[in-house]
Amino acid sequence: MPELPEAETVRRGLAEILAGTKIEGLEVFHPRTARYQNGGSAQLTQQLSGAHLDAVVRRGKFMWTLTSNGQALMMHLGMSGQFRPLAKQAGEAPVRHERARLYLSGGPAQSLSFIDQRTFGALYLSPTANTEDGAPAGCGSDSLLLPAGASHIARDLLDPHLDLVKVNQRIRKSKSPIKNVLLNQSIISGFGNIYADEALFVAGVHGARSASTLTRQQVAQILQAGIEIMERSLSRGGTSFDQLYVDVNGSAGTFADELLVYGRAGQACRECGHELSSISLNKRSHVYCANCQRPSRNLK
DNA sequence: CGAAATACCTGGAGGC
DNA sequence: TGCCTCCAGGTATTTC
Ligand SMILES: [Zn+2]
């Protein structure tokens, strides 16, 4: 499931494939992939044809590239999106789960396939505006132009312009379970179910605890754990838990075997040996160690 | 406004 | 072997 490290791995691959190229054509094989596009796949195809592409930028799990018509081409992986340069010719039948295909010139790839089993991913054009804080919109470019489609997304933990002090305060204003707050992309972006569980475990905080009951130091520990885990995962190409995630070369990430709690319910805690528990939080599973992560207060 | 519930989608896994 | 139900999850939308 693509979260920040997986999105950044893909962004780096996409940057080499897309930056400086021209879109010669576009085919959309599944209308849901263009569901956020005004006018749907017909408009997307029409407006992208002939467009020149700039750098590939990422904020949280949202990626985009600025186009020569003044918009941003948004590219979101959803939970199973993959971008693959498969050297397809126009008219060639789509491969399994291929939802859209770009035809390119001026770069290393003649085509780029968007493959997305669960169709939670999306391609669409969005207008842009300068960031309010005057800093670059995201990772991958110095441009301040932030797409409207990502304007509600907070800066992420690997963004040098993230204000950790303000984020810490904002998190502790919420009475919601801390894990729900971490998953709220308008407060802090980049976390998904995997890295939220991992960061909470490392910080020794139970995900069901109300964020407002946590100390500034505890929230700082969670955020610092998130930074370190995401950086380590990124250095290993991300987490390929179930093969739905691969990079632009089709390679899986290798961080899955370093996960401490995600997907390990019922197994022994790698810190203390206690059997890991799982509860439902926000309709998502939360795996934790009842010994290392106390529901109320915690002293390790 | 914040926050919670709901819908979307597909295929793997498990029960019978 | 086939059919059924449950589960996974990022995000936009709806509801309160
Ligand atoms: Zn433990």
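Proteins come first, then strands; the chains are lettered A, B, ... in the order of their sequence lines, and each starts at number 1.
For C:dA12, one of the phosphate oxygens OP1 or OP2 lies less than 4.0 angstrom from a side-chain nitrogen or oxygen of A:His152. Distances shorter than 4.0 Å separate none of the side-chain N or O atoms of A:Ser174 from OP1 or OP2 on B:dG2. Dashed line: the shortest gap from a side-chain N or O of A:Tyr262 to OP1 or OP2 of C:dG9 is under 4.0 Å. Contact between the side-chain N/O atoms of A:Lys61 and the OP1/OP2 oxygens of C:dT11 is found at a separation under 4.0 Å. OP1 or OP2 of B:dG11 sits under 4.0 Å from a side-chain N or O of A:His97. A sub-4.0 Å separation between OP1 or OP2 of C:dA8 and a side-chain N or O of A:His286 is absent.
Residue A:Ser80 is out of contact with every strand shown, counting any heavy-atom pair closer than 4.0 Å. Among the protein residues, A:Phe62 comes within range of the sugar-phosphate backbone only, with heavy atoms under 4.0 Å from sugar or phosphate atoms but none that close to a base. Counting any heavy atom pair closer than 4.0 Å across all strands shown, A:Met1 reaches sugar-phosphate atoms only and no base atom. In this structure, A:Phe241 reaches neither bases nor backbone, as no heavy-atom distance under 4.0 Å exists between it and the strands shown.
Using a cut-off of 4.0 Å between Lys/Arg side-chain N and Asp/Glu carboxylate O, A:Arg236 and A:Asp257 are scored as salt-bridged. The pair A:Arg12-A:Glu16 fails the salt-bridge criterion, with no side-chain N (NZ, NE, NH1 or NH2) lying under 4.0 Å from an Asp/Glu carboxylate O.
The side-chain ring of A:Phe120 is stacked on the base of C:dG9, judged by centre separation under 5.5 angstrom and plane angle under 30 degrees.
A:Phe114 and A:Phe83 have tilted rings, their planes meeting at an angle from 30° to 60° on a 0 to 90° scale.
Following rounding to the nearest Å, A:Arg32 (CZ) and B:dA7 (P) show an atom-to-atom distance of 14 Å. Distance OH (A:Tyr245) to P (B:dT10): 23 Å, rounded to an integer number of Å. Between the P atom of C:dA8 and the CG atom of A:Asn193 lies a distance of 9 Å, rounded to the nearest Å. A straight line from CE of A:Met75 to P of C:dT11 spans 15 Å, rounded to a whole angstrom. Whole-Å rounding puts the A:Asp242 CG to C:dA8 P distance at 12 Å.
Each of A:Val205, A:Val167, A:Ile171, A:Val181 was compared with A:Val219 under the side chain to side chain contact (heavy atoms under 4.5 Å, CB included) criterion, and only A:Ile171 meets it.
You won't find any donor-acceptor pair under 3.5 Å spanning the side chain of A:Arg284 and the base of C:dA8, going by distance alone.
Within the cation-pi definition used here (under 6.0 Å to the ring centroid, within 45° of the axis), A:Arg294 does not qualify as a partner of A:Tyr288.
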